[in-house]
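Please read the structure below before turning to the comments.
We're numbering straight along the sequence, starting at 1. Order of listing sets the numbers, starting from 1, for every ligand and every atom in it.
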Amino acid sequence: MFLKLFFRKKKNYFRALRKQDHSTHKMENSDKFTDHYKPVLIRKVFTSREPPFNPELDFEKYTMSSIENRRAHILDTCEIVEEDEQRNKIDSHYAVEEKIHKDPELRQNVEIFPRAGGDTKLSSICGVLCTRAMLSQGRAKSAKLKKVEFEINDETRQSLLKYHPVYTPPKERILLMPNLTFNSKEVIPVYSDVPEENVDNIEIPDSLLFDYTDVNFVNPSAEKELSDAVKLANSDKLNVIRCNCCSEENIVPCYENQDCNCYLLNDLMQDHQKYKSEKTKFTTFDPIYLTGKEGLYGKHYGFSCSELCACKGNCTNNSLLIIEKKLFPLEVFRNDMNMGFSVRSSVLIPGGTPIMEFTGEICRYKNETSDYSYQITYPGDKDIIKLFDAVCFTDPYKKTLTKLHKRKWYIDPRYHGNVARMACHSCSANMELFRIFQKSLSPAHIRLVLVAMLDIYPGTPLTFDYGHDYVHQRFRDNCGCRSFVCANGEDADVYTKLTEKEFQDCYIELDKHQWLEWDEKVYGAVWNERNKAKEAEMARSENEEDEHAVVLD
Ligand SMILES: C[S@@+](CC[C@H](N)C(=O)[O-])C[C@H]1O[C@@H](n2cnc3c(N)ncnc32)[C@H](O)[C@@H]1O
């Protein structure tokens, strides 16, 4: 289906070029294409089980046009809309509950309630956040601190609550795009809430005008060896990892099944983690909680079942299943020109839940893309290279993989990517990136997954840590994350001196505040509305009974 789409795209592209020869219409002029916006020959590495990315007609028209035409299209169609944030949160809660209820694979396994809140997990996760916050401030846990007296009392609580992360947009917003994905299965509107902007003076940066793709791809003309490795994997069943597990149930119990090839590899990978006593486990429905503190990304990865398996990936060993269901309504918004666009959701996302994938082109480092791309391999990673023997790949494939894993590979979403490329950096990030391998072990078989670190309350910008080097090189003194731990924050003189325990208290206090607000305003409102509807229904049926009784009399 994808190849068909590509050929259709390509045909239309040439048709557009031919048409432009005779046309005097300036906007059709395809010399406005930059190289990157020309359709590229792409090899799709993954097919989603139920293709969530099924572009509709508008998408083709949009992607076939130059970036100037895209910009003009957005400027022509943007409009002011009125939104009721509180109502949206309540309606989104109902909608997600209904989606879960109607889905046989989710019904028994997923709930949208805080999992970490009030749990002992919260303090352990906050412990991880504290260490990371201290590292991002450039100080070690053991560093001698100048003592500042800090305890949570009424006064410090008030100053801390300035930093609670839930964002409330203005009632009137500028809707720039009704759907970034052009796909009705995942509708992601794009707004501008910048106070100085109105429909006549909107700025549309090139970075918004990318092609949406929710699958990773390799460009064979740019990365021949990697593309050949994918072909090698596909040409011999020894080079693909899949399982034969099946069951009568909607969800096959692959996780912890010693006969499941994918689970066995997943388990082997978990042995690579540093903190052996409590490992981060990559299952489908159990929360994926971080257990280690430093060097997490390089060591925490897993292996998931896929549509090639007998279970088709509908099993307990697939950390991508919830993401593929597109469960959480997302929106892209901008309220600060310096930070640009960010992402948020209108529902509560429980801690440990996979939220979205980070997709794009799998390639080696390109200078101009460094702002957006994310590294996915570490040269000579011995742990991964050892796995090639454990899974009995063919010798030529093993050789190719060893060569490929000696290089740094990236996922670059700059020109073709998905919503994850709009997520900003925060010094107190609420998502964590993990690598999940599927089907095989080449860099092209890695999928990047963003998981909620702790409960994320509706409206909160979804953020991840761009990494120490990036932040120090790029942001230095202008990180705009506005979290209390940020060394550029206005109260940095207090919060960069806290001990780990004091930090932990702050995180717990912020979580408590957000939980109370959610419980009262969203969940409480849902309860009230449901109770009222039930009472009205009961009163109606009592009335009907009374009327019936009168007739009988
Ligand atoms: C991957 S993009 C994120 C999406 C971006 N905001 C946009 O509108 O396309 C990274 C860029 O976003 C901005 N950004 C992200 N996090 C930031 C932060 N904490 N402080 C300042 N700028 C940030 C920087 O311009 C950075 O180069």
Fill in the blank from the handout: When every non-hydrogen atom of E223 is compared with those of W409, the smallest separation belongs to OE1-CH2, 3.4 Å
Problem - Sidechain N-carboxylate O distance under 4.0 Å for E85, R344 - result: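 Salt bridge: yes.
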Problem - SB check E324 R447 (cutoff 4.0 Å) - result: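 Here E324 pairs with R447 in a salt bridge, since their nearest N and O are under 4.0 Å apart.
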Problem - Geometric cation-pi criterion R482 and Y163, 6.0 Å radius, 45° cone - result: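 No cation-pi geometry.
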Practice task
Examine R173 relative to Y191 and say whether NZ or CZ is less than 6.0 Å from the centre of the six-membered ring and inside a 45° cone about the ring axis.
Solution key: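 Yes, cation above the ring, under 6.0 Å and within 45°.
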Identify all pairs of nitrogen or oxygen atoms, one from ligand 1 and one from the protein, separated by less than 3.5 Å, and list them with distances.
residue: ligand 1; atom: 6 (N); partner: M339; partner atom: O; Å: 2.6
residue: ligand 1; atom: 6 (N); partner: F341; partner atom: N; Å: 3.4
residue: ligand 1; atom: 6 (N); partner: F341; partner atom: O; Å: 2.8
residue: ligand 1; atom: 8 (O); partner: F341; partner atom: N; Å: 2.8
residue: ligand 1; atom: 9 (O); partner: Y372; partner atom: OH; Å: 2.9
residue: ligand 1; atom: 16 (N); partner: H425; partner atom: N; Å: 3.0
residue: ligand 1; atom: 19 (N); partner: H425; partner atom: O; Å: 2.9
residue: ligand 1; atom: 20 (N); partner: G480; partner atom: N; Å: 2.8
residue: ligand 1; atom: 27 (O); partner: D371; partner atom: OD1; Å: 3.4
residue: ligand 1; atom: 27 (O); partner: D371; partner atom: OD2; Å: 2.8
residue: ligand 1; atom: 27 (O); partner: Y470; partner atom: OH; Å: 3.4

Handout entry: Under 3.5 Å side-chain donor-acceptor pair for S483 and S428
Key = no
